[in-house]
Protein chains: 4
Amino acid sequence: MSNTFGSFLKVTTFGESHGGAVGAVIDGFPPQIPLSEEMIQVQLDRRRPGQNSISTPRNESDTVKIISGVENGITLGTPITLVVENRDKRPGDYCAETKVPRPSHADYTYLMKYGVKASSGGGRASARETVGRVAAGAAAEIFLRDRFGVEIVGFVSSVGNISAQISDMSYITRSIVDENPVRCPDSHIAELMEALIHEVKEEGDSIGGIVTCVCKNVPAGWGEPVFYKLEAALGAAMLSIPAVKGFEIGSGFEGAAMRGSEHNDLFVKKNHGDKAILGTLTNRSGGVLGGISNGEPICFRTAFKPAATISKEQITADYQGNETVLKSTGRHDPCVVHRAVPVVESMTALVLADTALMQMARRG
Amino acid sequence: MSNTFGSFLKVTTFGESHGGAVGAVIDGFPPQIPLSEEMIQVQLDRRRPGQNSISTPRNESDTVKIISGVENGITLGTPITLVVENRDKRPGDYCAETKVPRPSHADYTYLMKYGVKASSGGGRASARETVGRVAAGAAAEIFLRDRFGVEIVGFVSSVGNISAQISDMSYITRSIVDENPVRCPDSHIAELMEALIHEVKEEGDSIGGIVTCVCKNVPAGWGEPVFYKLEAALGAAMLSIPAVKGFEIGSGFEGAAMRGSEHNDLFVKKNHGDKAILGTLTNRSGGVLGGISNGEPICFRTAFKPAATISKEQITADYQGNETVLKSTGRHDPCVVHRAVPVVESMTALVLADTALMQMARRG
Amino acid sequence: MSNTFGSFLKVTTFGESHGGAVGAVIDGFPPQIPLSEEMIQVQLDRRRPGQNSISTPRNESDTVKIISGVENGITLGTPITLVVENRDKRPGDYCAETKVPRPSHADYTYLMKYGVKASSGGGRASARETVGRVAAGAAAEIFLRDRFGVEIVGFVSSVGNISAQISDMSYITRSIVDENPVRCPDSHIAELMEALIHEVKEEGDSIGGIVTCVCKNVPAGWGEPVFYKLEAALGAAMLSIPAVKGFEIGSGFEGAAMRGSEHNDLFVKKNHGDKAILGTLTNRSGGVLGGISNGEPICFRTAFKPAATISKEQITADYQGNETVLKSTGRHDPCVVHRAVPVVESMTALVLADTALMQMARRG
Amino acid sequence: MSNTFGSFLKVTTFGESHGGAVGAVIDGFPPQIPLSEEMIQVQLDRRRPGQNSISTPRNESDTVKIISGVENGITLGTPITLVVENRDKRPGDYCAETKVPRPSHADYTYLMKYGVKASSGGGRASARETVGRVAAGAAAEIFLRDRFGVEIVGFVSSVGNISAQISDMSYITRSIVDENPVRCPDSHIAELMEALIHEVKEEGDSIGGIVTCVCKNVPAGWGEPVFYKLEAALGAAMLSIPAVKGFEIGSGFEGAAMRGSEHNDLFVKKNHGDKAILGTLTNRSGGVLGGISNGEPICFRTAFKPAATISKEQITADYQGNETVLKSTGRHDPCVVHRAVPVVESMTALVLADTALMQMARRG
């Protein structure tokens with residue numbers, strides 16, 4: 001009952017990993033915004049499998065079609081329907097698994113919830129569902145950039161226990177992020193990460209990681225107290241992405257160890273174009289105060305567990321509880337975080353666009 | 001536009017810290033559940049200020065009144081209105097602050113959002129708003145216990161850089177948690193935490209911390225794919241609490257450093273009463289797979305920044321951007337995490353009750 | 001699960017007829033709008049019982065208190081809580097009815113729905129619940145007038161089979177409507193209606209009627225396709241008022257008997273201040289095309305059944321199905337439509353304000 | 001922002017009349033319900049144009065494809081996506097109309113709302129949007145029949161000023177309704193209606209009408225006080241259908257002229273299978289008391305204005321306000337009510353299924 005995201009900008013995703021198509025319907029998208037399939041395709045290409053040696057060899061072209069809501073390259077204000085056909089279906093790959101719930105997958109819980117489950121693959125729990133999110137989020141980003149100049153950039157900051165320390169995020173752009181396949185803007189660390197991913201792949205194993213995201217030029221005033229605080233909305237958005245186990249904004253868990261006198265962000269006059277505005281000397285708040293954007297960059301981190309599908313043998317139980325050995329033969333990713341970057345950016349865009357519309361409603 | 005929480009069990013909180021009253025309206029609460037003011041009062045007493053030497057000396061009795069939805073000690077199915085009068089108002093305490101936005105408070109962002117702000121205190125951004133949440137959550141807990149035997153226990157696991165390592169959470173109950181004022185079930189660590197809080201208080205400073213929460217007896221099948229996954233709903237609930245900067249479930253951020261082969265929770269037959277069910281050997285998932293409860297305990301951690309109000313002088317700027325020295329004289333908490341425990345529990349109860357109703361709707 | 005009305009401007013009403021208080025929480029009300037208890041009281045006074053000889057003798061002063069969301073006479077953007085205490089409770093009046101479901105009341109269906117019901121009066125099904133709606137709607141009206149100059153005027157157009165034919169509604173104001181107790185702007189017809197109500201009252205019976213409502217100065221563009229069309233939202237609002245059995249907009253049921261060539265509203269240039277705009281020669285559409293306001297007055301009619309509570313004996317069945325004679329002794333209204341006028345206006349205001357915010361969100 | 005209908009069973013329709021496809025995504029549909037394309041196709045065939053001589057000659061086969069949410073003929077609990085391709089597009093037919101807003105169509109209001117409009121046809125305001133509703137509603141009906149035995153039957157009760165008086169609706173089934181092309185169960189009146197429609201068609205005109213709907217076997221207890229009363233939800237559903245101008249339930253507008261003593265439905269013991277239950281002697285309430293179903297048949301009427309598209313010349317204004325003569329050449333229906341029957345039934349099914357889920361959530 002919750003395949004729709006957002007209150008004002010509402011996105012409903014649909015489709016299963018092994019059905020005919022996946023996609024999204026966007027309701028509430030503002031009219032008169034330039035939008036084309038090409039503009040959306042860019043982010044889908046960054047998400048798609050088979051991009052390079054560290055991704056799954058499944059090769060899905062993931063070509064988006066806009067089938068409603070846009071005419072002559074301009075949004076009409078009516079629902080935008082985005083459809084991506086599933087081309088590279090190989091249900092046979094997954095057959096062996098139907099008698100054994102895959103460890104740390106959703107097979108068991110879907111069955112407990114619905115009393116029935118899709119015969120192959122992860123159904124709606126598959127990461128393929130995120131195609132619809134990325135397509136919709138790419139459209140939301142265009143609105144945010146067009147109207148407010150908002151820039152959203154995600155990047156990989158950790159793979160396993162290899163972490164990049166990025167002290168200054170102001171210079172990071174998507175093209176810098178895309179300079180290496182891992183999508184870590186520190187090229188030296190990126191090489192180490194890539195080597196680790198290859199090592200893990202050789203072992204038939206998988207590895208987790210962290211995606212950091214920064215949003216620039218978000219005006220002060222977005223985010224809705226009390227229950228739709230910006231951090232709550234962003235947290236829910238990130239934690240709804242498959243494999244995510246943690247979210248922190250600004251100082252995050254480190255902030256819990258600090259004193260108020262070292263944590264508080266002191267106010268100071270700043271120049272914004274030719275206008276003086278209030279800013280903060282530090283940004284431990286991560287751009288959000290009381291759930292509302294304060295004009296500073298919004299920074300947060302999202303933790304991804306290692307992908308649950310591995311080729312290594314696992315001693316687990318079948319649905320009847322009998323011990324069994326599971327060895328997955330389907331194609332899979334040794335590490336998903338570099339492909340998760342556009343998913344994080346897209347979910348961020350959906351949250352920001354939703355709160356933008358709410359604030360537009362209020363102030364007119 | 002977001003003072004209501006939940007989709008099926010909907011809670012609307014109202015009131016400002018220095019207005020006449022705070023409270024909540026609960027819509028969708030199931031009928032025929034025994035409910036009384038006394039049952040709710042227990043959790044409000046655990047939240048209220050002035051409980052002990054490590055809390056603010058503000059002494060609010062916070063007595064709840066049920067003014068609709070319950071008759072003869074039984075819920076009617078109609079909206080339950082819970083009201084707590086504000087007794088200990090001292091608006092004068094806060095006057096000096098009206099010209100200077102308090103660092104890391106919401107004064108500035110409320111003004112940017114609404115173009116106007118409450119003259120004193122934090123308005124809706126004040127932690128006093130959580131009175132309504134605790135009252136409503138206490139009621140939700142009663143429903144969960146009554147119908148499903150669910151137990152929710154929160155406790156303080158870190159204050160500053162003092163952390164308790166609790167490997168076995170199965171024995172922890174609320175009465176164990178309440179044995180010391182810090183609400184940390186490791187009594188030795190609790191003493192160290194208490195000492196730190198006193199030290200910080202002496203300095204006119206504040207300190208952050210972490211609340212861990214465990215939910216037992218949650219049946220498999222709760223939580224709604226795709227966007228209302230249990231972890232997303234819990235994360236949003238926690239991140240909507242004032243001062244929260246991070247949330248992690250199960251392995252959390254540590255999981256991001258692990259390999260799939262060490263992270264996956266292998267299935268095994270378990271005895272549940274006289275019935276054999278599937279369980280997992282480990283619980284790195286934190287009781288949730290694909291957004292749906294799997295029958296194992298649900299475990300998560302919530303990071304609180306240090307309270308922004310401190311007595312120490314801060315060099316900051318007024319609304320015009322002029323440098324100024326701010327020294328807060330209002331009463332405040334050096335550490336909020338022990339008082340946050342019932343808030344965490346209550347928001348957890350609201351999430352679980354909401355997902356319980358959703359699942360009841362589906363399976364009948 | 002549906003005590004909240006609206007999507008952007010959300011109103012939650014609470015309270016039972018014989019509990020401590022009734023009221024409403026308004027979420028999403030725009031900031032910086034002048035609002036006072038006096039401004040809201042005006043409409044509550046028009047709704048309250050005991051106004052005159054054709055209303056119930058119950059004399060409730062229905063004094064509203066604003067307990068949050070307004071400071072210094074200005075809205076803060078935070079939830080506005082409006083509370084009206086129940087003063088004139090006489091539960092004893094209703095005792096006899098607890099064993100017999102009152103015909104055409106909700107006693108039986110509440111019991112079937114919830115498995116339990118309030119011991120006296122109608123609980124949430126009582127028309128007393130509309131106090132919260134009127135208070136909230138009065139506030140919404142002030143926003144609509146302040147920002148857009150919208151005027152909403154309701155009046156009684158039928159009582160029983162006595163109907164007023166009002167061909168020109170442009171001159172009708174609230175003060176004209178209030179010139180007689182029936183609230184029918186045709187004073188001659190109003191006298192006949194008043195006489196009929198007295199006759200019905202003498203008989204211990206009740207009588208139905210129709211309220212017409214006209215909204216002026218609604219800008220073109222409000223109302224949301226596809227499912228929140230203005231007529232759908234207004235219809236739902238009216239049909240949620242106790243005792244309403246029908247709703248029609250513009251030509252309504254008469255329109256179903258017409259041909260397209262006589263029904264279509266032809267466009268024509270009109271002067272609007274110093275600007276030429278498109279208007280229509282006729283207004284069979286009732287100010288709405290495709291669910292969106294077209295700039296013409298919005299006109300609709302709401303049918304109220306006769307109040308179900310009558311003093312006449314009724315041969316009916318008790319909860320066990322045994323035939324019984326019911327004779328109500330509680331105080332009641334022989335006709336409710338004149339008191340329903342502010343309820344209709346208030347629900348209209350809630351719909352229009354909600355759609356106004358939606359359109360503001362879209363166009364910025 | 002309102003292309004989604006329902007709270008628990010949520011239906012999002014998408015597509016424009018002249019885009020690639022129309023359809024719907026159903027979220028919250030219960031799992032384990034048998035569902036196939038054939039079962040849905042039946043209602044689409046009853047809605048489609050070109051069925052017979054009284055419909056538009058546009059011949060769209062309207063073949064539905066289920067692209068997600070169903071496997072092996074059983075629903076999975078995940079979103080069901082239903083797609084119908086648009087085959088018979090002739091945008092050229094509508095070109096002349098782009099400079100002139102068609103009278104009583106939504107061209108003008110869409111432009112005022114969005115600042116842009118689809119170049120041809122009615123876009124989302126076109127009745128073609130109802131394809132998605134019928135497909136989704138057909139699925140909802142199958143759930144209602146499968147779990148509760150609910151039967152929903154709509155029929156034409158008026159065309160222009162020819163009306164059928166149907167005193168006993170208990171015998172009416174869909175096959176009886178479909179015995180004649182007008183879908184009026186009184187075959188004699190149906191012939192008169194058919195003749196009138198042919199006459200109107202000859203004149204290049206259109207004619208309005210009324211659809212009556214009856215729902216049998218709805219259990220007592222469905223419908224949510226206060227704002228989602230069954231009559232409010234049904235009213236909103238009906239008034240969201242293109243061309244609808246009025247809705248009444250039970251006694252409706254006639255009830256407004258009655259006295260309480262003649263209107264009240266007296267309770268009486270009734271046999272329901274081998275169980276005695278409370279029923280009512282009469283059914284002026286239309287099966288609903290206080291917004292909740294009472295176990296009696298739910299009966300309501302929906303008024304459709306004459307279709308706005310006519311071939312007759314109309315003297316109207318272009319977008320600049322200049323007088324112009326409009327003569328429509330596109331294919332159109334002289335009367336839509338017989339094709340509206342499955343639309344009314346489908347929207348009814350969506351409302352009933354939504355309230356069924358709500359009640360299942362409450363009582364478990």
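Since this is a predicted model, take the numbers as computed values, not measurements. Residue numbering restarts at 1 for every chain, and letters A, B, ... go by the order of the sequence lines. Hydrogens, waters and symmetry mates play no part in the numbers below; they use all other heavy atoms, side chains included.
No more than 12 heavy-atom neighbours from other residues, nucleotides or ligands sit within 6.0 angstrom of NZ on K65(D). Within 6.0 Å of CD on E85(D) lie no more than 12 heavy atoms contributed by other residues, nucleotides or ligands.
Across R362(D) and P30(B), no two heavy atoms sit closer than the pair O-CB, 4.3 Å.
Taking CG from D27(D) and CD from E224(B), the interatomic distance works out to 8.5 Å, rounded to the nearest 0.5 Å. M360(B) CE to Q359(D) CD: the interatomic distance, rounded to the nearest 0.5 Å, is 10.0 Å.
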